[in-house]
Amino acid sequence: MIQDFFRSDLSDFKAYEVSKTDYKVRLDANENFSNLPSEVRAKIAWAIEDSIFNRYPDGAASEVCARYAEYANVKSTNVMAGNGSDECIQIIANTFLNTGDKVLVQSPDFSMYGLYTKVAGGIPIEFPLGNELKLDINGFISMANEKKVKIVFLSNPNNPTGGIIQREDIIKIINGCSCIVVIDEAYFEFYGKTIVDKIESYENLIVLRTCSKVGLAAIRLGFLITNNVLMAELKKVKPPFNVNAISQCIACVILKQPEIIYKNVECILNQRKYLWQKLKDINGIQLYRTGGNFMLIQVENAQKMKERLLQAGINVRSFTAATLKNYLRITVGSREENDYLLKNISCKNGGII
Ligand SMILES: *Cc1c(COP(=O)(O)O)cnc(C)c1O
């Protein structure tokens, strides 16, 4: 049987199901709600016209990394580009994990940490968040050391909770865990604080960033930022031409004019404030503080609410994990989308279910 050649440890894996994209209002994937302005897209078209199509792209994505380094205020030698930060997560797992090595993650957190750990032959261990979805910092550090994990992954702000770990606690984790500490700052732009200034102060720190949440999800571009020693090891595993020439070209156009990103972020933050204020006043919704471009809510029956929203053409993120059964994650939309969501979130008799 051909199945005899399959990996037995992948037998209970399921293909990642990407939700359908034909909903009128898409508030499920933490994307930016607006496309790039047409004059920026025109500029991109001009730049692509000059691309070299017959040659492989720059394998190190040097110009993109240099421009991102400027944007992130680090040295370009400390930056590696990936085909989305997803790929950076995979490169990290593949670089440091031997079969059976353990990795510590929070639960809930971004699901790809566990997936790429398993694909690399590692074992993810979940540390449940406590009251109000807060992380017990000391407990987390103790668990990392007791279980002798090789890597801890933490998103900050956390996806899906929106929660934030303060800088002094991040530093406590980096100092306290005797392993590699990956801080995933996918939502940095909406939080405004970073630990990237510390990459050269600690031998065990890796920071992740992405372009996906600030209006460039289509080009699949993320970054890994770390010190020279870890970088040299990670480079051994990075696929040689992982970021295609077109994505590199587009990213350079944008990063030459970071105002495009700043403007986007400002719009999203205004809408986040608006949506927050409105949701806060609805009875029956527990709303969590957020540092991202999304917010987590807890309701009495999330499945029912999700279905009602889908009937109105609105897709929000629900979860299969038992711990998030009655939670929904809502990406901040445009003013119109947010108003439409708010109109549909309460049902006719005034209740929210
Ligand atoms: C969206 C997201 C990513 C994935 O980013 P890509 O660059 O699109 O692969 C990584 N980490 C977290 C926490 C995210 O929410």
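Remember, it's 1-based here, ligands and their atoms both numbered in the order they're listed. The figures that follow rest on heavy atoms only: side chains count, while hydrogens, waters and symmetry mates do not. Keep in mind it's a predicted model, so treat the numbers as computed, not measured. Along the sequence shown, residues carry numbers from 1.
- With salt bridges taken as basic N to acidic carboxylate O contacts below 4.0 Å, none links Lys43 and Glu39.
- Summary of contacts: the protein heavy atom closest to atom 15 (O) of ligand 1 is Tyr187 OH, 2.6 Å.
- In the model, Asn83 has no side-chain atom that pairs as donor or acceptor with a side-chain atom of Asn242 under 3.5 Å.
- Heavy-atom proximity to Asn159, at under 4.0 Å, picks out these atoms of ligand 1: 13 (C), 14 (C), 15 (O).
- Nearest non-hydrogen protein atom to atom 1 (C) of ligand 1 is Lys213 NZ, 1.4 Å.
- The cationic atom of Arg272 (NZ for Lys, CZ for Arg) does not lie both less than 6.0 Å from the six-membered ring centre of Phe190 and within 45° of the ring axis.
- The residue among Asp184, Leu208, Asn156 with a heavy atom at the shortest distance from atom 11 (N) of ligand 1 is Asp184.
- The backbone and the side chain of Ser85 each have at least one atom closer than 4.0 Å to an atom of ligand 1 (non-hydrogen atoms only).
- The ring pair (Phe, Tyr, Trp, His ring centres under 6.0 Å) test with Phe294 is passed by exactly one of Trp276, Phe33, Tyr187, Tyr327: Tyr187.
- Numbered from 1 in the order shown, with element, the atoms of ligand 1 that lie under 4.0 Å from a heavy atom of Ser155 read 13 (C).
- In this structure, Glu200 pairs ionically with Lys75, as a charged nitrogen and a carboxylate oxygen lie closer than 4.0 Å.
- No heavy atom of Asn30 sits closer than 4.0 Å to any atom of ligand 1.
- Distances between N or O atoms of Tyr113 and those of ligand 1 include no value under 3.5 Å.
- Between Phe110 and Tyr113, the distance from one ring center to the other falls under 6.0 angstrom.
- For the ligand labelled ligand 1, residue Met112 lies outside the 4.0 Å heavy-atom shell.
- Close approach of ligand 1 to Ser212 (heavy-atom distance below 4.0 Å) involves ligand atoms 6 (P), 7 (O), 8 (O).
- Contacts with ligand 1 closer than 4.0 Å are made by no heavy atom of Glu87, backbone or side chain.
- In this structure, Phe223 and Tyr68 have parallel ring planes: the angle between them is below the 30° cut-off, well short of the 60° mark.
- Using cut-offs of 30° and 60° for the angle between ring planes, the Tyr262 and Tyr71 rings count as parallel.
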